[in-house]
Q: 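I have a structure here, written as structure tokens, and I will follow up with some questions on it.
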Protein chains: 2
Amino acid sequence: MENPRDIFIAHLRRKGLFLTRERRLILEAIFSLRKHFDFDELYDTVKKRVGRVSRATIYRTIPLLIDSGLIRDVFRGTSGTQYEQVRGLEHHDHLLCVSCGSYIEFKDERIERAQQEVCKKHGFVSVDHKLGIRGYCRKCALIKRVKA
Amino acid sequence: MENPRDIFIAHLRRKGLFLTRERRLILEAIFSLRKHFDFDELYDTVKKRVGRVSRATIYRTIPLLIDSGLIRDVFRGTSGTQYEQVRGLEHHDHLLCVSCGSYIEFKDERIERAQQEVCKKHGFVSVDHKLGIRGYCRKCALIKRVKA
DNA sequence: ATTGAGATTGAGACTAAGTATCTATTAGAG
DNA sequence: CTCTAATAGATACTTAGTCTCAATCTCAAT
């Protein structure tokens, strides 16, 4: 019950849904992609493997995968939503370079713990959180300084 | 040089832009709104006061206000972006109730400090950050429990 | 106060992410 | 194998946000 396929099937069962050929192929496609991906990358990959999929099917399957805990959406830029594979339970946050678009993942236990305390204090039951720090990565910060 | 108008003008000057009637009215409209607002609320308010504004003008002015540090965008839901007035420098983050849509603002120094350290460690120059915790507020968490 | 170059506005066309609808097809329980 | 609800595909639709361009306005220099 550890592999993505079983997790996905279990989730579908729970909701009385079928594991269709398309859903299976979308799931497989995701794990052939790099960790972060967007709609178009997923769509193109599935299409390349199957020959034909409807965009609608991809859009309909994404929330199922999110609810299964297999992927999550990380940020929404001007051009669509970015998703990432969730492997295991290692939650993490992101440093996002506004200049070159690269990102760095990080995890800080102090931040996680402090968040839990904040929730507790407000009687808030957290289901998800997202911390994104926007700025300039090391390389771009240097270029910027040279320019200025 | 403390009031929003002066800050805005200074920013425009720096970029060689004019303080037009429309920009002034948009700025004034914002400060008549509640702290959090979206595009439509702003658009309607300006229209009510002036009689006529182009949606494009509002859309063009928003980034100017963001760059001036007078407002910031807090989260982007399925229906547009939410903005908030920035008063002074008090940065804060949000607890977002996925059930009733309410939000709670909070600030935690430990989180802020830890973030700075993370940036430092990666040679990252932060310009902005956003922490949003999604979940159930006290009231909705109770209702949920009763239902389940 | 006038003027002129460049900035800006308004109106609407346009783009694109995501949703909704409808019909033919498919999954899988019995 | 059969039957029914679920599903896929195709495409129309919605809507946040951007782009375009002619008409208008701003303000620094006169």
Side-chain angles (χ1 to χ4, degrees), chain A residues 5-6 8-29 36-68 71-83, chain B residues 5-6 8-29 36-68 71-83:
Chain A
R5 192 190 152 113
D6 291 342
F8 193 35
I9 291 176
H11 178 73
L12 293 173
R13 275 269 156 70
R14 235 176 289 125
K15 302 196 79 171
L17 304 176
F18 299 161
L19 175 67
T20 62
R21 177 168 160 277
E22 286 76 11
R23 287 181 183 153
R24 186 170 36 79
L25 289 166
I26 290 167
L27 178 66
E28 286 165 15
H36 289 73
F37 61 92
D38 61 21
F39 177 84
D40 287 324
E41 291 172 74
L42 179 55
Y43 178 54
D44 292 344
T45 305
V46 177
K47 211 163 57 176
K48 211 172 291 171
R49 294 176 156 223
V50 198
R52 191 170 58 168
V53 211
S54 170
R55 291 164 34 84
T57 300
I58 308 276
Y59 272 121
R60 282 186 287 232
T61 305
I62 286 172
L64 298 175
L65 290 162
I66 291 176
D67 292 347
S68 304
I71 64 175
R72 65 182 198 119
D73 71 297
V74 248
F75 20 83
R76 192 179 308 197
T78 40
S79 59
T81 303
Q82 288 280 327
Y83 304 94
Chain B
R5 192 189 152 115
D6 291 341
F8 193 35
I9 291 176
H11 178 74
L12 293 173
R13 276 270 156 70
R14 234 177 289 125
K15 302 196 78 172
L17 304 176
F18 298 160
L19 175 66
T20 63
R21 178 168 159 275
E22 286 76 10
R23 287 182 183 151
R24 187 170 37 78
L25 289 166
I26 291 167
L27 178 66
E28 286 165 15
H36 289 72
F37 61 92
D38 60 20
F39 177 85
D40 287 324
E41 291 172 73
L42 180 55
Y43 177 54
D44 292 343
T45 304
V46 176
K47 212 163 56 176
K48 212 172 291 168
R49 295 176 156 222
V50 197
R52 191 169 58 168
V53 211
S54 170
R55 290 164 34 84
T57 300
I58 308 277
Y59 272 121
R60 284 186 287 232
T61 304
I62 285 172
L64 297 175
L65 291 162
I66 292 177
D67 292 347
S68 304
I71 65 176
R72 65 183 198 119
D73 71 298
V74 247
F75 19 85
R76 193 180 308 198
T78 40
S79 60
T81 304
Q82 287 280 327
Y83 305 95

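By convention in this document, chain letters (A, B, ...) are assigned in the order of the sequence lines, proteins followed by strands, and residues within each chain are numbered from 1. These numbers were taken from a predicted model, which means no experiment stands behind them.
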Q: Quick check on B:R76: does its CZ atom have over 12 non-hydrogen neighbours (other residues, nucleotides or ligands) under 6.0 Å away?
A: yes
Q: Report the distance from atom CG of B:D73 to atom P of D:dA16, rounded to the nearest whole Å.
A: 16 Å
Q: Distance from A:L12 atom CG to A:L64 atom CG, nearest 0.5 Å?
A: 6.0 Å
Q: What is the distance, to the nearest angstrom, from the OH atom on B:Y43 to the C1' atom on D:dG17?
A: 14 Å
Q: One character per nucleotide, please: for nucleotides 18-30 of chain D, 5' to 3', B when the base has a protein heavy atom closer than 4.0 Å, S when only the sugar-phosphate does, - otherwise.
A: BBB-----BSS--
Q: Let's test your reading of the model: under 3.5 Å, does the base of D:dA8 pair with the side chain of A:S54 as donor and acceptor?
A: no
Q: Indicate yes or no: at least one non-hydrogen side-chain atom of A:F39 is less than 4.5 angstrom from one of A:T81.
A: no
Q: Which pairs would a plain distance check flag for residues 46-63 of chain B, meaning a side-chain donor or acceptor within less than 3.5 Å of a matching protein atom at least two apart in sequence or in another chain?
A:
from	atom 1	to	atom 2	distance (Å)
B:S54	OG	B:A56	N	3.1
B:T61	OG1	B:T57	O	2.7

Q: Specify the separation, in whole Å, of atom CD1 of B:I58 and atom P of C:dT8.
A: 15 Å
Q: The side chain of B:T57 lies closest to which of these nucleotides: D:dA10, D:dT7, C:dG10?
A: C:dG10
Q: B:K15 NZ to C:dT8 P: how many Å, rounded?
A: 10 Å
Q: To 10°, what angle do the rotation axes through the five end pairs on each side of the helix from C:dA1-D:dT30 to C:dG30-D:dC1 form?
A: 40°
Q: Find the distance between CG (B:D38) and CZ (B:F75) and round it off to the nearest 0.5 Å.
A: 11.0 Å
Q: Taking atom CG of B:D6 and atom CZ of B:R13, what is their separation to the nearest 0.5 Å?
A: 10.5 Å
Q: If you take all heavy atoms of A:H36 and A:V74, which pair is closest and at what distance?
A: CD2-CG2, 4.0 Å
Q: Mapping A:D40 and B:L12 onto DNA chain C by nearest heavy atom, which one lands closer to the 5' end?
A: B:L12
Q: With a cut-off of less than 4.0 Å, is there a side-chain N or O of A:T81 near OP1 or OP2 of C:dG18?
A: yes
Q: Once you round it to whole Å, what is the distance between C1' of C:dT8 and CZ of B:F8?
A: 13 Å
Q: Hey, does B:L42 have a side-chain heavy atom less than 4.5 Å from the side chain of B:Y83?
A: no
Q: Do B:E22 and B:L25 have side chains that get closer than 4.5 Å, going by heavy atoms?
A: no
Q: What's the CG-C1' distance between A:L64 and D:dT7, to the nearest Å?
A: 11 Å
Q: Please report the distance, rounded to the nearest Å, between CD1 in A:I26 and P in D:dG9.
A: 8 Å
Q: Mapping B:R52 and B:R23 onto DNA chain C by nearest heavy atom, which one lands closer to the 5' end?
A: B:R23
